[in-house]
S.K.: 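Quick one: the structure is below, and I'll ask about it shortly.
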Amino acid sequence: MIEDGRALFLQIAEAIEDQIVDESLGEESQAPSTNELAAFYRINPATAAKGVNMLVDSGVLYKRRGVGMFVTAGARDRVLSARREAFADRYLEPLLAEARRLGISPSDLSALIRERAGSALPAPSPDHPERTDA
């Protein structure tokens, strides 16, 4: 998991978020302690604490005094919302800007995405035709 070039505390926070998103760490469940994270990733406990505290500051985790850190109710939705926004900023904005420069209309861009995605995307779910099953 640890990769060069990115701050370790950000990678720790992202790993916990990943567990929340895939629901292996559910709402109101106890998050790994900073000492457990430090031992597992072989990093300084202060670095692990910085990643955990980042999630506390964003409302994803909360502290129970003397017990540990826990996942807040609604944390998964909060993380997904933040990640969707980051995805849009990182990928969609540059894509849309380039499409405008090339004179590609929104409907042509949509068609191009569907064509390129082919069977890579799951079929729309019957309950939400605009969304896909993930």
S.K.: Please find the pair of heavy atoms, one from Phe70 and one from Glu28, that lie closest to each other, and give the distance.
M.R.: CD2-O, 3.5 Å

S.K.: List the steps and the verdict of side-chain contact (heavy atoms from CB on, under 4.5 Å) for Met69 and Val56.
M.R.: CA-CA 9 Å; Met69 296 291 183; Val56 170; 3.7 Å; yes

S.K.: Measure across Gln30 and Val67 and return the closest heavy-atom pair with its distance rounded to 0.1 Å.
M.R.: NE2-O, 3.0 Å

S.K.: What are the two closest non-hydrogen atoms of Thr72 and Glu27, and how far apart are they?
M.R.: O-CG, 3.7 Å

S.K.: Keeping the roles fixed (side chain from Ser110, backbone from Ser107), state whether a donor-acceptor pair exists under 3.5 Å.
M.R.: no

S.K.: Checking the side chain of Asp108 only, and the main-chain atoms of Ile104 only, is there a donor and an acceptor separated by less than 3.5 Å?
M.R.: no

S.K.: For the CG atom of Leu109 and the CD atom of Glu98, what is their distance to the nearest 0.5 Å?
M.R.: 11.0 Å

S.K.: Verify side-chain hydrogen bond (donor to acceptor under 3.5 Å, both in side chains) between Tyr41 and Glu36, making sure each step is shown before the conclusion.
M.R.: CA-CA 9 Å; Tyr41 293 112; Glu36 290 170 333; over 6 Å; no

S.K.: Of the non-hydrogen atoms in Leu55 and Ala13, which two are nearest, and what is the gap between them?
M.R.: CD1-O, 3.7 Å

S.K.: Does the pair Arg84 and Asp89 meet the rule for a salt bridge (charged side-chain N to carboxylate O under 4.0 Å, His left out), with working shown?
M.R.: CA-CA 9 Å; Arg84 285 182 182 121; Asp89 290 344; over 6 Å; no

S.K.: Between Glu93 (side chain only) and Ala88 (backbone N and O only), is there a donor and an acceptor less than 3.5 Å apart?
M.R.: no

S.K.: Give the C-alpha distance, both sets of side-chain angles, the deciding distance and a yes or no for side-chain hydrogen bond (donor to acceptor under 3.5 Å, both in side chains) between Thr47 and Asn44.
M.R.: CA-CA 5 Å; Thr47 302; Asn44 186 313; 4.9 Å; no

S.K.: Please check: side-chain N/O of Thr34 versus main-chain N/O of Pro45, any donor-acceptor pairing under 3.5 Å?
M.R.: no

S.K.: Are more than 12 heavy atoms, taken from residues, nucleotides or ligands other than Arg64, located less than 6.0 Å from that residue's CZ atom?
M.R.: yes

S.K.: Kindly indicate, with the supporting measurements, whether the criterion side-chain hydrogen bond (donor to acceptor under 3.5 Å, both in side chains) is fulfilled by Ser24 and Asp22.
M.R.: CA-CA 6 Å; Ser24 60; Asp22 71 18; 2.7 Å; yes

S.K.: Would you say the side-chain atoms of Ser81 pair up with the backbone N or O of Arg78, donor to acceptor, closer than 3.5 Å?
M.R.: no

S.K.: Over all heavy atoms of both residues, which pair between Pro32 and Leu25 is shortest? Give the atoms and the distance, please.
M.R.: CD-CD2, 4.2 Å

S.K.: Give a yes or no on whether Arg114 atom CZ has more than 12 heavy-atom contacts from other residues, nucleotides or ligands under 6.0 Å away.
M.R.: no

S.K.: Minimum heavy-atom separation for Ala48 and Ala38, please, with both atom names.
M.R.: CB-N, 4.2 Å

S.K.: Starting at CD of Gln19, measure out to CD of Glu17 and round the result to the nearest 0.5 Å.
M.R.: 11.0 Å

